[in-house]
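Chain A is the first sequence line, chain B the second, and so forth, proteins listed ahead of strands; every chain is numbered from 1. These numbers come from the heavy atoms of this one structure, side chains and all, not from hydrogens, waters or symmetry mates. Computed from a predicted structure; not experimentally measured.
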Number of protein chains: 2
Amino acid sequence: MELFVEHGYERTTTADIAARAGLSERTYFRHFPDKREVLFDATHALDTLVVDGIAAAPADAPPLDVLAAGLRAGAGMLDGLGDHARARTAVITSQGELRERELAKMSGLVTASAAALVERGVAEAPALLAAEAGVAAFRVAFERWVATPGGPPLPDVVDTVLAELRRVVAPA
Amino acid sequence: MELFVEHGYERTTTADIAARAGLSERTYFRHFPDKREVLFDATHALDTLVVDGIAAAPADAPPLDVLAAGLRAGAGMLDGLGDHARARTAVITSQGELRERELAKMSGLVTASAAALVERGVAEAPALLAAEAGVAAFRVAFERWVATPGGPPLPDVVDTVLAELRRVVAPA
DNA sequence: ACTACTGATGACAGCGACTGACATGGAGTG
DNA sequence: CACTCCATGTCAGTCGCTGTCATCAGTAGT
């Protein structure tokens, strides 16, 4: 992050990153599969928080409510990390390959969430659709939260956006 | 596509692709920004079909219905191209970077659709949410359609999935 | 017809991301 | 004290991608 913020992502080589960590470039690639992945270390933690939150939700709740509980749990992880999140987001949005990787991570969250819903007995089709819609809402909420420092905490924004989503997608 | 199907994406070099086209590798990179992009030539056409479909929808329809019309229009483009779509999808799903690029293209469709909705007077927030949800449904529909040769045409699958989405996201 | 000018291409050199192979060294184990 | 791991370093090589310069149409202008 220091290097990326100071010199920009593209102008930072993997050799630079490794040197800053006091390691060789080869060793960097033993810890991360590629240059992008250093910025996406925490996403696995988010996934497990959401999945656990889904598993812990009340048994009789409808799928999207269950997912909402999971997403709130995941959102809680970012409490107080607003500044870091903003810096990281600035780096990511500055570079196409990084934006793609971020989308891929969100797609992984969709898959994990859908699987967690299926685990609870939700049928595959609605599980996938709920996961897609819910994670999309999470992404939108995250963008808003990052764009408004000093605003409401992320879990609240997630709730707000989910409510908006329900209104927009309401059956005719 | 011939090279990718025959030897696999990773084992095909950009020099191979250029040679098959009777050009130099350098010239390949004058036509496409990177190796992945050869497989995503048609996505721009899909975008414009959807955007035009949105613009042409009845004036008083709610946002998600408008988007549905656009997505149906876009889906029509793939009529009769099931075999090609399957081959292409097989290549894309076989490779991480290609899946990422596909997600990026879908994200571009979200942005374009949301902008087209805003153009019609929809407020930004609901436009973005409708676009996210609608395109997610389109993606799910596309997956289903590709997985079931001989099944219903894509526009119908899109309608089906959108209806399912409405049910799943229905306000409590 | 002669002369620009333009636009697509080729040729070449070079950088940086990534990988395979082998060597080294230090921590633990018998 | 050997022996075995496991993390790391080193080195060479491939491939995606870019900058630069030359070539060579075709086209326009005079």
Side-chain angles (χ1 to χ4, degrees), chain A residues 1-45 47 84 87-108 111, chain B residues 1-45 47 84 87-108 111:
Chain A
M1 276 295 299
E2 292 170 10
L3 290 168
F4 292 158
V5 168
E6 186 173 355
H7 304 110
Y9 174 80
E10 293 180 279
R11 299 179 58 85
T12 304
T13 71
T14 52
D16 293 337
I17 302 170
R20 172 64 61 100
L23 295 171
S24 75
E25 188 183 6
R26 190 65 182 89
T27 299
Y28 170 89
F29 283 107
R30 290 195 178 100
H31 288 270
F32 302 98
D34 57 43
K35 182 183 174 184
R36 283 135 259 156
E37 202 67 12
V38 225
L39 282 165
F40 297 90
D41 235 7
T43 55
H44 179 64
D47 285 15
H84 179 265
R88 201 189 82 111
T89 300
V91 172
I92 290 176
T93 53
S94 75
Q95 226 283 323
E97 294 193 351
L98 294 177
R99 286 195 301 267
E100 293 190 7
R101 179 60 53 88
E102 173 129 293
L103 291 170
K105 294 298 181 183
M106 287 292 152
S107 172
T111 306
Chain B
M1 276 294 297
E2 293 170 10
L3 290 169
F4 292 158
V5 168
E6 186 173 355
H7 304 111
Y9 174 80
E10 292 180 280
R11 300 180 58 85
T12 304
T13 71
T14 51
D16 293 337
I17 302 170
R20 172 65 60 100
L23 295 171
S24 74
E25 187 183 6
R26 189 66 182 87
T27 299
Y28 170 89
F29 283 106
R30 290 195 178 100
H31 288 271
F32 302 98
D34 58 44
K35 182 181 174 185
R36 283 136 259 158
E37 202 66 12
V38 225
L39 283 165
F40 297 90
D41 235 7
T43 56
H44 180 63
D47 285 16
H84 179 265
R88 201 189 83 110
T89 300
V91 173
I92 290 175
T93 53
S94 76
Q95 226 282 324
E97 293 194 351
L98 295 176
R99 285 194 301 267
E100 293 190 7
R101 180 59 54 88
E102 174 129 292
L103 291 170
K105 293 298 181 183
M106 286 292 152
S107 172
T111 306

[atom1] of [X] versus [atom2] of [N]: gap in Å, rounded?
X     : N      : atom1 : atom2 : result
A:E10 : C:dG16 : CD    : P     : 12 Å
A:L23 : C:dT24 : CG    : P     : 20 Å
A:R36 : C:dC18 : CZ    : C1'   : 10 Å
A:F32 : D:dA7  : CZ    : P     : 14 Å
B:K35 : D:dC17 : NZ    : P     : 8 Å
B:F29 : C:dA11 : CZ    : C1'   : 16 Å

If I compare all heavy atoms of [X] with all of [Y], which pair ends up nearest, and what's the gap?
X      : Y      : answer
A:M1   : A:A87  : CE-CB, 3.7 Å
A:L103 : B:S107 : CD1-CB, 3.7 Å
B:K35  : B:Y28  : O-OH, 3.2 Å

Requested in this report: Indicate whether OP1 or OP2 belonging to D:dT8 is found under 4.0 Å from a side-chain N or O atom of A:H31.
Outcome: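 Affirmative; the distance criterion is met.
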
Query raised in the report: Below 4.0 angstrom from OP1 or OP2 of C:dG20, is there any side-chain N or O of A:R30?
Result: no

Query raised in the report: Taking for each residue the nucleotide of DNA chain C bearing the nearest heavy atom, is the 5' side occupied by A:T13 or by A:R26?
Result: A:T13

Query raised in the report: What does A:R11 touch in the nucleic acid at a heavy-atom separation under 4.0 angstrom: a base, only the sugar-phosphate, or nothing?
Result: nothing

Report task. Using a heavy-atom cut-off of under 4.0 Å over every strand shown, decide if A:S24 touches base, sugar-phosphate, or nothing. Result -> base

